[in-house]
Amino acid sequence: MKLRKKLICAIMLVGTMAMSLTGCGEKKKDTFTVGFDAEYPPYGYMDENGEYTGFDLELAEAVCELNGWELVKQPIEWSNKDNELNSGSIDCIWNGFTINGREDDYEWSVPYVDNSQVIVVKADSGITSFDDLAGKKVGVQAASAALAVLSDEEGQKELADTFGELTEFGDYNTAFLELEAGAVDAIAMDIGVADYQIGNRGDEFIILDEHLNSEQYGIGFKLGNTELRDEVNDALKELKENGTFDELAEKYGLSDMTCLEFE
Amino acid sequence: MEYLSMKNIKKSFGDLEVLKDISLHVNEGEVVSIIGPSGSGKSTLLRIATMLETLDYGEIHYLGEAAVEIVDGFSVYAKAKKLREIKNNFGLVFQNFNLFPHYSVLKNITDAPINVQKRNKKEVMAEAMELLEKMGLSDKADYYPSQLSGGQQQRVAIARALALNPKVLFFDEPTSALDPELTSEVLKVIKSLAEQHMTMVIVTHEMNFARNISDKVIFMDKGVIVVEGSPEEVFNSSNERMKEFLGKLQN
Amino acid sequence: MSFEVMLEQLSSGMLKSMMIFFLTLIFSLPLGMVMCFGRMSKNKIISGITGFIISILRGTPLMLQLMVVYFFPYYLFGWSIGGWRFPAIIVGFSINYAAYFAEIYRSGIEAIPKGQHEAAHILLYSKPQEFFKITLPQVIKIILPAMTNEIITLVKDTSLAFSISYIELFNLAQQIAAANTTMIPFVVAAIFYYVFNLIVSVVMRGFEKKLSYYD
């Protein structure tokens, strides 16, 4: 008897699931799903109230308001970002997303932030230049732009080869803990992230004056999806003109880094 | 009336011929004991009679109904439905009791009559209690098999077999798994069944017991029936193999 | 973020983890039985195919299977997979766990002495009666300790849903930790997992006790 009840229950659940699936299968046009890494402040993260926010997400919100879309914030596992985008479960990757090196992989919006890859070390470590990194342990986020630069022959591969070890980590929180504990001597990352982390953690850490490279952030759309990209570009232009963009940049301390320009 | 007839039974396991053309007849109310050294094929014969094992060749009839017939030189089992009806005619008591450990004594006895034979629950319960009383186990109805001694378990197993009201009851070495001091309580029960003229086929190593209660004794060795007849005839037989077998047992 | 908000957030994550847990159990327990029958089938083709499927499911990482289940409708058929994320997790977890359960069921069924089947046969139980009245109750008792292990593992495995970006307890803890540069969410998450598993163990021990009326 019990088994039969369980079976009926299971069949009903499958039914509901199938229905909800077909229901969601037809994506309404007025939603705009942004894929982002929720562990990437100040661009995308969870705020005091447990809401997802950040410079990129607020900007996306403003774009949606302009275009009459409903914003869906979908945190994604970063290493799966291409699968998520190609399969249509997200409309774009909007998350301090570096254009350089990925120019041909996505339909890019106009670049809106000029970012650099930098090295963060402990203030009392005695490391002040790239030369001091020889033989040291350096951490870098898996699948990140910093890693791309450090593995690129035309980038900083030569420098990376002088490191004692290049280790990859999953999220910045762990990486800073490792740095603090001495498990790594330095971390390579975006300057914006570095500023945010050091702002939160105090002056125990410093950014080296030398930069690994200079790079730009854009919004990545699926190849071929120029229509959506153009709509977002137009909205960005309007937000730049009415001052919303600069207000947001100021709010998140990114004013020095913005580069949104239209011909 | 002839309750069981087995004719020309042959059975091999691979190259080993276990039964070589065995025939056996059991009449209503008869008690037949099968004795013989281990490996003689007596247990296999019992397993074929109860259809736990299929035969290679031969015929089996219960109360005149064919369970296995020879058709065009091949042995053919009856259709499933018919076979089920025929199987209703017999019960089997195993060497290792094979009680259901998750059922109480009472449920072990009553579950098949109620759920298989679809008989009236009250009636079955009353009958089961009667059976338990006969077995001297009235106070154990709510016990689980693991709480009982081997002798008690075997008596429950006999009650379980009797609850289905079989025409023929088979016993496969019913006391072999028991400590010697527990065998007598089981043998006593079987003896009382014999006195009530229950038709029984018993594979056993208990020679005195076989001699005392049997109407007919069959001595098997190496897949053939060597001697058969009344207990006196068999146990006093001048056959060499029979004498050797009894001699070994006495030592 | 205040501690209350964090607790509230993590509780909602816990709820999602529990959804995965319960739905996976509801589907994988019977599905495992089907796989087990396939595996034990007398038909060589059926048992061969089922055996192969089970070995793949047990021999590759669950995280990988989740990604395959989630993304394959798009890559194979070009279907949009919007809304498929949560169902994909349940499907992925259910078939993976069904494979493990199937092998546990099989070991349990094979542990039932032959004499039990022979007794059921002689007493003329039908095949379904024999399975549900004689075999299954005894199998459940035999496999309960192994099932407890597997179910406790499932509680912890729910965190693998992060691989296809389902925001459950562990993923949420990571996000809060990142935003607030603190380890506290991980401590809270650990306590949540532990308490849930404690409850699971107590429930399973209750079942074991209930079945200890016979040896």
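Side chains are part of it too, since the values below use all heavy atoms of this structure and drop only hydrogens, waters and symmetry mates. Naming: A, B, ... by sequence-line order, numbering from 1 per chain.
- If you measure heavy-atom distances from C:Lys133 to chain B, the contacts under 4.5 Å come from both the backbone and the side chain.
- Of the atoms belonging to B:Phe100, heavy atoms from both backbone and side chain fall under 4.5 Å from chain C.
- The list of side chain to side chain donor-acceptor pair (under 3.5 Å) pairs with a residue in residues 56-68 of chain C, not counting sequence neighbours, reads C:Thr60-C:Gln65, C:Gln65-C:Asn96.
- Ion pair B:Lys188/B:Glu185 not flagged as a salt bridge, since none of the NZ, NE, NH1 or NH2 atoms sits closer than 4.0 Å to an Asp/Glu carboxylate oxygen.
- Most heavy-atom pairs under 4.5 Å with chain C: of the set B:Asn96, B:Thr50, B:Asn115, this distinction falls to B:Asn115.
- In summary, the aromatic rings of C:Tyr70 and C:Tyr166 are positioned with their centroids too far apart to meet the 6.0 Å limit.
- Using modelled atom types and a 3.5 Å distance limit, the side chains of B:Asn89 and B:Tyr3 yield no donor-acceptor pair.
- Contacts of B:Phe97 with chain C are absent, with no heavy-atom separation under 4.5 Å from either backbone or side chain.
- Heavy-atom distances place both the backbone and the side chain of B:Leu92 under 4.5 Å from chain C.
- With a 4.5 Å cut-off on side-chain heavy atoms, B:Lys11 and B:Thr54 count as touching.
- Between chain B and the options C:Ala120, C:Ser126, C:Ala119, heavy-atom pairs under 4.5 Å are most frequent for C:Ala119.
- A salt bridge does not link C:Arg205 with C:Glu208: every distance from a Lys NZ or Arg NE/NH1/NH2 to an Asp or Glu carboxylate oxygen is 4.0 Å or more.
- Here B:Asp111 is the residue among B:Asp111, B:Leu99, B:Leu164 with the most heavy-atom pairs under 4.5 Å with chain C.
- Looking at C:Gln129, the atoms closer than 4.5 Å to chain B (heavy atoms on both sides) all sit in the side chain, from C-beta outward.
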